[in-house]
Number of protein chains: 2
Amino acid sequence: MPAVSDCINMLDSETKAVETPEDHAEELRLWLRLLTCTTLIEGEVRGRLRQRFDVTFPRFDLMAQLDKAPDGMTLSDVSKRMMVSNGNVTGLVERLVESGHLDRRTSETDRRVQVIRLTKLGRAEFRKMAAEHETWIADLFADLTPKDVRELMRLLAKTKASAQKSAGRRRA
Amino acid sequence: MPAVSDCINMLDSETKAVETPEDHAEELRLWLRLLTCTTLIEGEVRGRLRQRFDVTFPRFDLMAQLDKAPDGMTLSDVSKRMMVSNGNVTGLVERLVESGHLDRRTSETDRRVQVIRLTKLGRAEFRKMAAEHETWIADLFADLTPKDVRELMRLLAKTKASAQKSAGRRRA
DNA sequence: CGGAAACATTTTAGGCTTAAAGCAATTTCG
DNA sequence: CGAAATTGCTTTAAGCCTAAAATGTTTCCG
């Protein structure tokens, strides 16, 4: 049963002229819960990656992008996919080239562009990590039913679209 | 309609003796989508906090914790709540004390403990930021119906519980 | 053609973050 | 009591990350 104050707000919200400070406490709580879930899982994955393979989460993430692109990617592509800044990728790639996991070469047709690929070593190591990683994720989400997973996928797709639209509105 | 290979897997999964490498691609995709949503929203909020208030996301987060605790918190409490390392909090607090937003004092009863509070300035500035922040979040989640929000809350609560259980299993 | 705009990347300065080691204070328990 | 374990915090070393400025390259047009 809605409290009196809620009824008043509901009435106000239908009266366009009245500027009611609307209550968005629910969305705020949702955002905090989303952040908590991600932080929790990411921390767990990071810890396991470090313990088992002595690799960081960003390095694993970068290698995962490259594993899906056998012909390599440009740094810009990687930066967009990973949703991190360009400068960030520069350093990340530098260290992975240094350790022999990545191969970097300047594009033949455009000397601005750097194309990076996994080396044989990089691909082999990534595949090993990815296989184990998948079992960790399965375990972390173990209590969700297949239906829960589908429903979450759907709602997060909607969330992503909504957030992208809002971000677009701001940049416009 | 399930493909033939799926039927085989389903049969296998009910045959305890057979060690089928199970497929967890759905959970993997769910995790990536969760991460994408959080990264997207956090990036948007960080950008707005910087532009409007010249404040970082971690500082805002720390002040939010303290706003809920008028009597102050210990650094350990803050560290647990924010889900970051102890050392991280030390530096964060240092900078916010420096800028006059936080007050730090050693506990009377236990000289190991540091208690931090928002100063008058800190509280005033936080309240201003928080009000605007709430409208950003509302806008980012604008396309979700109240029912979507409730359902996401429920499913993320389940996700959080599942992940915590899994993390606990590992530490044991 | 040639200058302006756009593009891809790197550099810079500053801040965030972690894991691990270290230090001091407190608690536990033989 | 007093040694050992625990607790709360800081320090350290290394890496991650961003926004903004800088550099070199290519494209767009007038």
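Note that this is a predicted model, so its numbers are computed, not measured. Proteins come first, then strands; the chains are lettered A, B, ... in the order of their sequence lines, and each starts at number 1.
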Pair [X] + [Y]: basic N to acidic O under 4.0 Å:
X      : Y      : value
A:K128 : A:E132 : no
B:R95  : B:E98  : no
A:D67  : A:R127 : yes

Take atom [atom1] of [X] and atom [atom2] of [N], then tell me their distance rounded to the nearest Å.
X      : N      : atom1 : atom2 : value
B:K80  : C:dT18 : NZ    : P     : 15 Å
B:E42  : D:dC17 : CD    : P     : 11 Å
B:E94  : C:dC16 : CD    : C1'   : 13 Å
B:E98  : C:dG14 : CD    : C1'   : 15 Å
B:N86  : C:dA20 : CG    : P     : 14 Å
A:L49  : C:dT18 : CG    : P     : 15 Å
A:D110 : C:dA6  : CG    : C1'   : 12 Å
A:L92  : C:dT17 : CG    : C1'   : 15 Å

Upstream residue (5' side of DNA chain C) when A:V115 and A:R46 are each assigned their closest nucleotide: A:V115
Check each of B:T119, B:L102, B:D103 against B:L96 using the side chain to side chain contact (heavy atoms under 4.5 Å, CB included) test, and report the only one that passes. B:L102
Counting just side-chain N and O atoms, does [X] come under 4.0 Å of either OP1 or OP2 of [N]?
X      : N      : answer
A:N88  : D:dC16 : no
A:R50  : C:dA20 : yes
B:R111 : C:dT26 : yes

Residue-level proximity of residues 51-67 of chain B to DNA chain C when a heavy atom falls under 4.0 Å: B:T56, B:P58, B:R59
Would you please indicate yes or no on a ring centroid separation below 6.0 angstrom for A:F60 and A:F126? yes
So side-chain hydrogen bond (donor to acceptor under 3.5 Å, both in side chains) across residues 136-146 of chain B, not counting sequence neighbours, yields A:K165-B:D143, A:S166-B:D139, A:R169-B:D139, B:T145-B:D148
Under 4.0 Å, heavy atoms only, any strand: does A:S76 hit a base, just the sugar-phosphate, or nothing? sugar-phosphate
Report which part of the nucleic acid B:S79 touches: base, sugar-phosphate, or nothing (heavy-atom distance under 4.0 Å, all strands). nothing
B:T106 and B:Q114: side-chain donor and acceptor closer than 3.5 Å? yes
Polar side chain donor-acceptor pair, A:T74 to A:S76, under 3.5 angstrom: no
The side chain of [X] is closest to which nucleotide in this list: [options]?
X      : options                : value
A:R95  : D:dC16, C:dT18, D:dT11 : D:dC16
B:R112 : C:dT18, C:dT26, D:dC17 : C:dT26
B:V113 : C:dT11, D:dC9, C:dT10  : D:dC9

DNA chain D: 5'-proximal contact among A:T109 and A:G87 (nearest heavy atom): A:G87
